[in-house]
Amino acid sequence: MSVLQLSVFAENKPGALIEMTRLLGEAGVNIRALSLADTADFGILRLIADDPEKAGRVLTDHGYVVRITPVICAEMPDEPGALAHILLTLERAGINIEYTYAFIARHAENAYVVLSVSDCRAAETTLAAAGVGLLTADAAKFGAS
Amino acid sequence: MKKRYFLPDVECIDREELARMQTEKLKKQVRHVYEAVPFYRRKMDDAGVVPDDIRTLGDIVKLPFLSKADLRDAYPFGLLGAPLADCVRIQSTSGTTGKRVVAFYTQKDIDLWEECCARALTAAGVSREDVIQVSYGYGLFTGGAGLHGGAHKVGALTLPMSSGNTERQINFMMDLGATVLCCTPSYAAYLGEALREHGYEPEDIPLKAGIFGAEPWSETMRREIEQALGIKAYDIYGLTEISGPGVAFECAEQNGMHLCCDHFLAEVIDPDSGRVLPPGERGELVLTCLDKEAFPLLRYRTRDITVLDPSPCPCGRTHLRMRRPMGRTDDMLIIRGVNVFPSQIETVLLEMGYPPHYRIVVDRVNHTDTLDVDVEMTAGMFSDRIKDLTEREAALTRALRDMLGITAKVHLVAPKSVERSEGKAVRVIDRRKLV
């Protein structure tokens, strides 16, 4: 039940992010969630889009280096303690989290957390067994479960 | 009374007598090399020249040039002019096998080299009363060994500090009252700053003179060092192939460096045609060792661009002077005193699977050379994890340090961000203002 995430290499310089998002907008790609991780030299823009393949193609055509990887997109009630519950479940199962970011869907009561984990399949099984809903790639396209 | 010259009879020798001495030495050396070194014999045979053809100094143009490529072909023992058993030392430049120079020395060669350094020290006003802090690197690098030996010949108290460990350098300098500093100009500038940070004013520092070389520097930098340390700063020139520092050095006039003409014969040539240029014209320096035994290079192309000045010097030395090198005929960079070729960096990048699109940026920040290498990111090496990419940068930094002997800062940059050019790629940006 993983979702495809698009990662883009970006140099740390003014305007880098504007150019990428502009290209995606012109191609009609809608961004559901994004996170930017950076060091002094460069950044990695990670995003969940309604059409990750198309987004990847558009950016590759414009010379960007991209990578599409599966991530877990877990559903949680939009209330205090919800994220802690998910993280604790994974920790007990010995699954490491590489990075994470969260978003709230516009027309749903739920929030979502994107998780890049050491073992995607094990995380899916663990979370499903704990009753945590997982967003599918199709659902991610529409931004609601 | 303080000596003005280390060897007055030699350093102030009559010009005609010097020419006679050089001629005799040259004839003898060419014959010796022809007989003792098969590599040279082949080269001279190919050029159709035999030792008997060398009768005057002007005849030197008949001899073939020796290039760095020849040194590579002859590596490691092919140019030995003395039995290995007679050799007592090697010194070497940094670099890969292809770029590395390994020079051999007999005891006489060491004495000759150290004596040149002693001349340089004496010309800078150094005597046996002085305390000399040698902060050039010791080891294979010629800087430490050369000035150390020269300081002994002068009879000064020598502090064999080697490079680095600035805290200890400052302690010894202040506690033992070092009066002379020998190191690279950038390290001298760095020490000046460190001393100020420790609360020392120039007048608190016991130093009175410094002998700086092994890397390019400018007159502006000289003045800054002189002010920061409260000293007079002298330039020294040399290269491992010929012996090491002391091939040429500044006197108190500081208007060019006197070559040790009794040991080394200097020519300046047009680097493209190989034609010898008249004095005063700018070209590539070519040096011939007149009396070295173990590594007797004849007409070695140094790749350093300079101008020779035969005009008389008010200091009394008759040996002709060369200007501080104004550049190189090859792409060698001197970074923190270490010789670096862009091709070495390229080798590391390609071996580690990086694309041949890179940019080398050399700068001087707070008097210290910086080396930055920008490498383009490719789809194959990209990852969504920061850790993967920073580990890549760290691995490349380690590999470059192993190859070059100095640390480079590696930056991963966006694809196609390194400018492509027609023909020869411009891969090196040297922002240091040195001339």
Side-chain angles (χ1 to χ4, degrees), chain A residues 2-20 23 33-49 52 55-73 96-101 114-120, chain B residues 345 348-350 352-363 365-366 368 370-401 407-421 425 427 429 431:
Chain A
S2 57
V3 169
L4 294 180
Q5 170 192 261
L6 184 73
S7 305
V8 193
F9 180 79
E11 271 185 73
N12 259 0
K13 55 184 180 196
L17 199 55
I18 297 173
E19 177 63 12
M20 272 182 235
L23 286 168
L34 71 78
S35 121
L36 182 66
D38 65 334
T39 70
D41 289 335
F42 59 83
I44 301 173
L45 177 70
R46 304 173 186 127
L47 49 90
I48 306 292
R57 253 194 331 271
V58 168
L59 292 177
T60 306
D61 287 349
H62 283 83
Y64 286 94
V65 165
V66 305
R67 190 179 182 92
I68 294 181
T69 43
V71 289
I72 303 284
C73 192
N96 290 326
I97 297 166
E98 308 280 354
Y99 56 82
T100 178
Y101 52 100
V114 178
L115 298 154
S116 170
V117 290
S118 52
D119 186 338
C120 210
Chain B
I345 294 172
V348 172
L349 292 175
L350 298 182
M352 293 185 71
Y354 286 87
H357 306 302
Y358 58 90
R359 180 172 42 218
I360 298 163
V361 183
V362 187
D363 207 341
V365 180
N366 295 329
T368 303
T370 59
L371 171 61
D372 289 74
V373 181
D374 295 345
V375 192
E376 280 188 10
M377 173 60 69
T378 64
M381 65 174 85
F382 182 51
S383 163
D384 55 320
R385 292 169 191 175
I386 289 276
K387 195 175 75 166
D388 293 348
L389 298 186
T390 49
E391 273 172 10
R392 270 192 171 275
E393 285 187 329
L396 191 48
T397 300
R398 276 195 303 277
L400 285 170
R401 193 173 52 224
T407 303
K409 194 158 181 355
V410 173
H411 309 273
L412 296 174
V413 299
K416 306 267 188 322
S417 65
V418 172
E419 203 177 313
R420 308 294 198 266
S421 59
R427 299 209 160 98
I429 301 167
R431 298 206 176 106

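These numbers were taken from a predicted model, which means no experiment stands behind them. All chains are named by letter (A, B, ...) in the order of the sequence lines, taking the proteins before the strands, and each is independently numbered beginning at 1. Heavy atoms only: backbone and side chains are in, while hydrogens, waters and symmetry mates are out.
- Heavy atoms closer than 4.5 Å to chain B are found nowhere in Asn12(A), neither backbone nor side chain.
- Using a 4.5 Å cut-off between heavy atoms, Thr60(A) makes no contact with chain B at all.
- For Tyr99(A), the part sitting under 4.5 Å from any heavy atom of chain B is the side chain, from C-beta outward, and nothing else.
- Contact check for Lys409(B) versus Thr370(B): no side-chain heavy atoms found under the 4.5 Å cut-off.
- A cation-pi geometry, defined here as NZ or CZ lying under 6.0 Å from the six-membered ring centre and within 45° of its normal, does not hold between Arg46(A) and Tyr101(A).
- Side-chain N or O atoms of Ser2(A) include none that pairs as donor or acceptor with a backbone N or O of Ile72(A) at under 3.5 Å.
- Checking Asp384(B) against Ser7(A) by side-chain atom types alone, no donor-acceptor pair falls below 3.5 Å.
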